[in-house]
Amino acid sequence: GDSVTQMEGPVTLSEEAFLTINCTYTATGYPSLFWYVQYPGEGLQLLLKATKADDKGSNKGFEATYRKETTSFHLEKGSVQVSDSAVYFCALSANNNDMRFGAGTRLTVKP
Amino acid sequence: DAGVTQSPTHLIKTRGQQVTLRCSPKSGHDTVSWYQQALGQGPQFIFQYYEEEERQRGNFPDRFSGHQFPNYSSELNVNALLLGDSALYLCASSVGPLDADTQYFGPGTRLTVL
């Protein structure tokens, strides 16, 4: 079945460092891909999404490109801030709202 | 505009008991999905309700059941609780059952089974 595998972490970076969190997927069709963020004690917030190959999702300085040839959707940010500390989830949905999530990557940014 | 709301925030139960969790969708949304998020894991899909019917179901036993009301709010019921049911239960709402792009998540209900 459809699944997502993401880099497990935890990841610890200094402020202003470059961030990459790897995500690869397995799907029979052409899913939409998502990155969600979960701050401590809160629910999931949609960070960005891409619905077809070569689309780039972006929000708050984060970017991810839907790469069909490598079945990947890696999350990147050029300069992280302390406020970016959270758990990041990669997810896919094959247009049926049954979203499949990765295990999550905990990011800690130190000043 | 209130987003997705869930109640209660926290809940403690003992093994064998039954529990009901509640969810009110975002205004304008008519579809509710439920997820279970175990500690340190990603959310897992339980089921989805649309037009007061269960439309899709993940790999969860029949102890997990739900209901959707005419105002689109929803309940998740879990019978015969097990220790392994301890988790954060997330509700997500969307416009229609096929549009994951509009899915919004609530803050969750933390269930602890002792």
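Note on naming: letters A, B, ... go to the chains in the order of the sequence lines (proteins, then strands), and numbering restarts at 1 for each one.
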Practice problem: Determine which residues belonging to residues 100-111 of chain A lie within contact range of chain B, meaning some heavy atom pair is under 4.5 Å apart, and list them by number or answer 'none'. | Solution: A:F101, A:G102, A:A103
Practice problem: Applying side-chain hydrogen bond (donor to acceptor under 3.5 Å, both in side chains), name anything that partners B:W34, two or more places apart in sequence or on another chain. | Solution: B:S74
Quiz item: Using non-hydrogen atoms only, which part of B:Q44 is less than 4.5 Å away from chain A: side chain, backbone, both, or neither?
Solution: neither
Quiz item: Does a sphere of radius 6.0 Å around CZ in B:R57 hold more than 12 heavy atoms from other residues, nucleotides or ligands, not counting ones at 6.0 Å or beyond?
Solution: yes
Quiz item: Can you tell if the side chain of B:F105 reaches within under 4.5 Å of the side chain of A:Y36, non-hydrogen atoms only?
Solution: yes
Practice problem: In plain terms, say whether B:D85 and B:R63 are close enough for a salt bridge, that is, a side-chain N and a carboxylate O under 4.0 Å apart. | Solution: yes
Practice problem: Using the ring of A:F34 (Phe, Tyr or Trp, six-membered ring only), decide whether A:K49 places NZ or CZ under 6.0 Å from its centre and within 45 degrees of its axis. | Solution: no
Quiz item: Between A:E16 and A:S14, do the side chains contain an N or O donor and an N or O acceptor separated by less than 3.5 Å?
Solution: no
Self-check item: Largest heavy-atom contact set with chain B, pairs under 4.5 Å, which of A:Q38, A:Q45, A:E42
Solution: A:Q38
Quiz item: Among A:F73, A:Y88, A:W35, which residue meets the ring-ring contact (aromatic ring centres under 6.0 Å, His included) test with A:F62?
Solution: A:Y88
